Every structure is written in structure tokens, then in C-alpha cells.
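To keep things clear, I will list the structure first and then write my remarks on it.
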Amino acid sequence: MKICTLGDLLLDVIVRLDRPLVAGDDVFASSRTAPGGQAANVAAWAAALGADAAFVGRRGDDEAGGLVTAALGAYGVSVLGPAEGRNGIVVSLVDPDGTRSMASDRGVAPDLAPADLDAAWFACNWLHVAGYSLLRDPIAQAALAAISWARAAGALVSVDLSTSTAIEDYGSERFRSLLEVAEPDLLFGTATELEALGGRFPSRHWVLKRGAEGITIGRSDGAQELPALATDVVDSTGAGDALAAGYLVGGPSLALEAAARCVGKLGAMP
């Protein structure tokens, strides 16, 4: 199976706090850097779960861009697309209970344009598009072109809603109209993202990510709730991306297994 993702490849700076931040003062923490970005995370987990994985996106030719390109390649992912400019960086603050908050700088990632792409890259079984990639141009136009090429090659298309705040800023009706143009075969989203979209998935097949409560799978013949696997939560960063990769590679059981593996370690990638 080949899975191709389109979106951001960012440098994650992950800071695990011993206690919540105190305004104007210091707290102890452990930190690390790693490659990240929703589409990159899904590609890394897909490769770790046995798929042939490729990531498509614009990344920087600076030091951060070089680090994340090499790191994602080390997972066995083919990294495609132009490298120039300043790479994006995300600072992820992880509370002692595993809850995370992020400050995101996407760098050159949103500048990906249709002219940067090669139709041959999208000969795959699944094309997975991060919702972030549909909320700004020119990357939104690149995503729509990739979807067209993937469908022409016989691929299925999945989209992750990605972000409730950006959907609200963009406009829920406007974003829903864009999704109706993209016609994804499968949609992933959280309850807050679904609420921002208007309370209904515009797809006959969808997965509602419910965190520690598991997932709800919706199809034209009804919905099914599945519980999360029991695990000690270390860091929830990337759990939804691991779940999406597992679902694309092997269905619900592998999705829940991958999510449990992800939250049991620090960082968003395998």
C-alpha cells in the first residue's frame, strides 16, 4: 500500500512541563526537537506501520529545514517538493497530564503552489490532506490539484479537519463549500472541529476523534463507537495523526493501536 500526504513539514520543539507555567517565573521542564507537521506525522506513522509513504510539501532550505527533511527521510518516507526559504517551527507545551498547547509558525509551507507538484507523485492508494492545507492559498490550490491527480490515478482521498480556530477564522460555510469541491472519501475530525464546521461531516465516511474516549466511525449505514486502548499518557501530541495513519493502513483496530503507541511516548512521530 502507498500513502501520500500533503501539507507541512515543521520543526517541533516539544517542552514537557513538570508543572503548569507560572506567569513571570520559571518552571522545570524537559525538552526535545523533532520533525512534525500533521501531514509529515501521518506519513511517518504510515511508514512505521508498513506502508510505502511519501510526503509532499514546501520546506525551508535553512538549518531547520535540513534537520526535518533528514529526520523524516530516516523514517523511510520519500520527501517531495521544493526546499527554499524559512522552515516552520512549532512550540508544543505539554502539561504533566499530557495535555498539549501549541504555538505554530508554518514558515514557507503555505507557499506550496500547483506548479511545484508532479502528477506522478500522487499515484497512490490514499492521498491524505491536512485541513491546514485547504485554508490558505496557494497551498489550497496545490491540494486541489493533487486531489485531482490522485483520483485520476485511482486513489482515495482523506482529509483531516485539523483546526477549529482556523476553520472559524476562514468561515465554516466557506470551508464546507471547499470540502464539497474536494469530495473526500474519508474525513477525520475532533468534536470542536466538527462544531466549527457546523456540526455535520460533509462525507459519507468519517472518523470522529474523541481522545481518551476513542473514536466514532460514521458511514452511510450508521455509526459505531470504539473505545481507546488503555495506556499511560505521556504526550498526546500527534495522537490523532497516528490514528489517521493506522486507519488508512489497516482500519480501526490499527488506528487505535497506533494512537495508544503515540500517547505513550514523547513526540508526535514513531
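Hydrogens, waters and symmetry mates are skipped; everything else that's a heavy atom, side chains included, is used. This structure is a prediction, so every number in the text was calculated from the model and none was measured.
Checking side-chain atoms of Ser172 against main-chain N and O of Leu197 turns up no donor-acceptor pair under 3.5 Å. Listed for the Arg106 side chain is no donor-acceptor partner under 3.5 Å among the backbone atoms of Asn87. Here the side chain of Ser177 pairs a donor or acceptor atom with the backbone of Glu173 at under 3.5 angstrom. Remark: the backbone N or O of Met1 is not paired with any side-chain donor or acceptor of Asp52 at under 3.5 angstrom. Between the side chain of Thr69 and the main chain of Gly65, a donor-acceptor pair closer than 3.5 Å is present. Looking only at distances, no side-chain donor or acceptor of Tyr132 sits under 3.5 Å from a matching main-chain atom of Gly7. Put simply, the side chain of Asp61 gets close to the backbone of Gly85: a donor and an acceptor are under 3.5 Å apart. Ser162 places a side-chain N or O within 3.5 Å of a backbone atom of Asp160 that can act as its donor or acceptor partner. The backbone N or O of Gly107 sits less than 3.5 Å from a side-chain atom of Asp105, completing a donor-acceptor pair.
Other residues sharing a hydrophobic cluster with Trp45 under the 4.5 Å side-chain heavy-atom criterion for ILVMFWY residues do not exist; the residue is a singleton.
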Exercise for review: Might you work through the side-chain hydrogen bond (donor to acceptor under 3.5 Å, both in side chains) test for Ser31 and Arg16, ending with a clear yes or no?
Suggested key: CA-CA 6 Å; Ser31 61; Arg16 183 171 177 81; over 6 Å; no
Check your understanding: Would Gln224 and Thr216 count as a side-chain hydrogen bond (donor to acceptor under 3.5 Å, both in side chains) if you check the C-alpha gap in whole Å, the side-chain angles of each, and the deciding distance to 0.1 Å?
Key -> CA-CA 5 Å; Gln224 177 187 17; Thr216 301; over 6 Å; no
Check your understanding: Yes or no on salt bridge (Lys or Arg N to Asp or Glu O under 4.0 Å) for Arg151 and Asp185, after CA distance, side-chain angles and deciding distance?
Key -> CA-CA 10 Å; Arg151 285 232 167 83; Asp185 300 283; 3.5 Å; yes
Practice item. Give the C-alpha distance, both sets of side-chain angles, the deciding distance and a yes or no for ring-ring contact (aromatic ring centres under 6.0 Å, His included) between Phe55 and His128. Key: CA-CA 10 Å; Phe55 162 84; His128 182 78; over 10 Å; no
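Residue Asp18 qualifies as enclosed at atom CG: its count of foreign heavy atoms under 6.0 Å is above 12. No more than 12 heavy atoms of other residues, nucleotides or ligands sit less than 6.0 Å from atom CD of Glu195. For CZ of Arg32, the number of neighbouring non-hydrogen atoms (other residues, nucleotides, ligands) closer than 6.0 Å is greater than 12.
Using a 4.5 Å cut-off on side-chain heavy atoms (C-beta onward), Leu11 and Thr33 make contact. No side-chain heavy atom of Ile215 sits less than 4.5 Å from a side-chain heavy atom of Glu225. Side-chain atoms of Leu6 and Phe122, non-hydrogen and from C-beta on, do get closer than 4.5 Å to each other. The shortest side-chain heavy-atom distance between Asn125 and Ile3 does not fall under the 4.5 Å cut-off. Side chains of Leu194 and Trp206 form no contact here, defined as non-hydrogen atoms less than 4.5 Å apart. Looking only at side-chain heavy atoms (C-beta outward), Leu186 and Leu248 come within less than 4.5 Å of each other. In this structure, the side chains of Leu9 and Leu72 come closer than 4.5 Å at one or more pairs of heavy atoms. Two residues are said to be in side-chain contact when any heavy atoms from C-beta on lie closer than 4.5 Å; Asn41 and Thr5 fail this criterion.
Ring-centre distance between Phe188 and His205: not below the 6.0 Å cut-off.
Salt bridge absent: Asp8 and Arg58 never bring a charged side-chain N and a carboxylate O closer than 4.0 Å.
Residues Leu229 and Val234 do not share a hydrophobic cluster, clusters being chains of Ile/Leu/Val/Met/Phe/Trp/Tyr side chains in contact below 4.5 Å. Hydrophobic clustering of Ile, Leu, Val, Met, Phe, Trp and Tyr side chains at less than 4.5 Å, counting indirect connections, unites Leu135 with Ile147.
Note that OG1 of Thr165 and CD of Glu193 are 9.0 Å apart. Values are rounded to the nearest 0.5 Å.
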